[in-house]
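Atoms considered below: every heavy atom in the structure, side chains included; atoms not considered: hydrogens, waters and symmetry mates. Chain letters run A, B, ... following the sequence lines, proteins first, then strands; residues in each count from 1.
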There are 2 protein chains.
Amino acid sequence: MEPDKPPTLTERKRAAILRAAAESFRHEGFLATSTDRIAERAGVSKRTLYNHFPSKDALFDAVIEGYWARLQTLSQPPLPSPQGIEDRLVAFACERLQVLLDPEVLGIFRAVMTESMRAPELSRAWRRDSSYEQLLGIETILDEESAHGRLLIASRELAASQLWGLVFGGLFWSGVMHLHGQVSAAYREQVVREGVRTFLARYGTPAESVGEPASPNRRKAAASRQAAKGKRS
Amino acid sequence: MEPDKPPTLTERKRAAILRAAAESFRHEGFLATSTDRIAERAGVSKRTLYNHFPSKDALFDAVIEGYWARLQTLSQPPLPSPQGIEDRLVAFACERLQVLLDPEVLGIFRAVMTESMRAPELSRAWRRDSSYEQLLGIETILDEESAHGRLLIASRELAASQLWGLVFGGLFWSGVMHLHGQVSAAYREQVVREGVRTFLARYGTPAESVGEPASPNRRKAAASRQAAKGKRS
DNA sequence: CAAAAAGTAAACTGTACGGTGTAGTGTTTC
DNA sequence: GAAACACTACACCGTACAGTTTACTTTTTG
């Protein structure tokens, strides 16, 4: 909007507090972080911190809301589609995965999960409304491809959740659990591509067997038995 | 071995402490649990607690090791196979899933993850040695089925991780994040079965298209492009 | 430039926690 | 039944933390 008028001191202080708090919460967790430490990292007096946020809980809430809003932007643009379906799904998933595996985001997921057991009312945003499949825009892109006849899907929720598991599940879980350090982008893409191929082995339509070395007699009845509908108990 | 001679008082106290500690750690997390509270719940004096365990950290370690040992037993018996491959994989996965979704186990996963960020040296057991695919015995059962010609798999690690994502990923993640309450066994089985079907759409062999309504011309070149080998970066 | 608003430093309150010390009571074992 | 051992109750130490108070300085604004 306006060409960034210089931020007032109050705004700068507030931002510094939020940044420092996010950093601490991500690295140490909510309980292990002291407000003294946050104020120190933010270069701010403790009183100022408590002028901006009424309590440590409120500060945590504000940090979480900020990240949640950032993640929300993921659900919107499933990007246009010149490529074949495999490449499109791979590109889509790699983009999302890069965000999900960002150490900053992983840290927030950990913090949210941790506090969700101690104090469920904090961080309720992460549980209300939308599923992660929706959040990531998976259902949207599947709908699009289905509309173009490139996918044959009986239950979009089921398919979306399977795609999530195939391409995100393993790496995301490893990341959250610190199972290994950073993985290379190349490895990530390989995992994603193979996941997409498995997904297409069930849900792809013959029309899209593009550029493959040779395999004419594939699939066809692939979607012949897909019943799952009722969810939950 | 010996037909349980009555446990000595010391043994009973120790067990009570471990039980109370596990309960508290699962529900409140490590930091939010006080040793006073553990002692109280265990019906034990605080001094006794510190006679059995030198520190709160050591107590946490002992609790975690106990659960880890319990989970280890999962990796052994992939159970015999009278059924067709789909039913066998479904039965196998449902059994594992039941353990993974046990609130007690979920709570421990959460606690481990939380402490893994604050103090990685605790709970190292959960990261050393084996992958979760190994832990759950997925690779074993895939090897067996491959040996019988019922699967055509290029990379066992990749396939195992995909099966994990398809049948465990979604529900496990939901459970860990408290996304919904308990899900019914019937719903679980449905998700698992559909996951297995997607898996078989890529890795199954024609020989095993048993009892299907009608779909003779399936797959064959399914495994023609499976390259993934190099891991990590 | 003057008044209002916001920030700072530092001491302080009350509480909670991890861990120890002590003196005495119950339990096991020979 | 007595010596060795484990359990109990309880006071205690030092530290840490969320949040407040006070007295003072800087920034913003009209």
| request: Report the distance from atom CG of N51(B) to atom C1' of dA9(D), rounded to the nearest whole Å. | output: 14 Å
| note | Looking only at dT8(D), dT20(D), dT8(C), the nucleotide nearest the Y50(A) side chain is dT20(D)
| said: Output the rounded distance in Å from CZ (R37(B)) to P (dG19(C)). | reply: 18 Å
| note | Atom NZ of K56(A) and atom C1' of dT20(D) are separated, to the nearest Å, by 17 Å
| Student check: side-chain heavy atoms of L135(B) and Y132(B) closer than 4.5 Å | yes
| query | In whole Å, what is the span from the CZ atom of F53(B) to the P atom of dG19(C)? | reply | 13 Å
| DNA chain D: R14(B) or D36(A), which has the more 5' nearest nucleotide? | R14(B)
| note | The nucleotide from dC17(D), dG18(C), dA9(C) with an atom nearest the side chain of T35(B) is dG18(C)
| If only side-chain N and O atoms of H52(A) are considered, is one of them under 4.0 Å from the OP1 or OP2 phosphate oxygen of dA6(C)? | no
| Around Q98(B), counting heavy atoms of other residues, nucleotides and ligands shown, do more than 12 lie under 6.0 Å from its CD? | no
| field | Under-4.0 Å salt bridge between R19(B) and E23(B) | value | no
| query | Ignoring hydrogens and angles, does a donor from either the side chain of R47(A) or the base of dG19(D) sit under 3.5 Å from an acceptor on the other? | reply | no
| remark: Per atom distances to the T48(A) side chain, the nearest of dT8(C), dA9(D), dT20(D) is dT8(C)
| task | Could you pick out which residue, D57(B) or R12(B), lies toward the 5' side of DNA chain C when each is mapped onto its nearest nucleotide? | result | D57(B)
| task | Nearest whole angstrom, please: distance from the P of dG19(C) to the CD1 of I17(B). | result | 14 Å
| Under 4.0 Å between a side-chain N/O of K46(A) and OP1 or OP2 of dT20(D), yes or no? | no
| query | In whole Å, what is the span from the CD atom of E40(B) to the P atom of dA9(D)? | reply | 11 Å
| request: From the options dG19(D), dT8(D), dC7(D), select the nucleotide whose nearest atom is closest to the side chain of T10(B). | output: dC7(D)
| request: Tell me whether the OP1 or OP2 atom of dC7(D) has a side-chain N or O from K13(B) closer than 4.0 Å. | output: no
| task | Mark yes when over 12 heavy atoms from residues, nucleotides or ligands other than H27(B) sit less than 6.0 Å from its NE2; otherwise mark no. | result | no
| said: Tell me the interatomic distance from L31(B), atom CG, to dC17(D), atom P, rounded to whole angstroms. | reply: 11 Å
| message | If the test is side-chain contact (heavy atoms from CB on, under 4.5 Å), which one of Q162(A), E133(A), E139(A) qualifies with E157(A)? | response | E139(A)
| note | When rounded to whole Å, the CG to C1' distance for the pair L49(B) and dC17(C) reads 14 Å
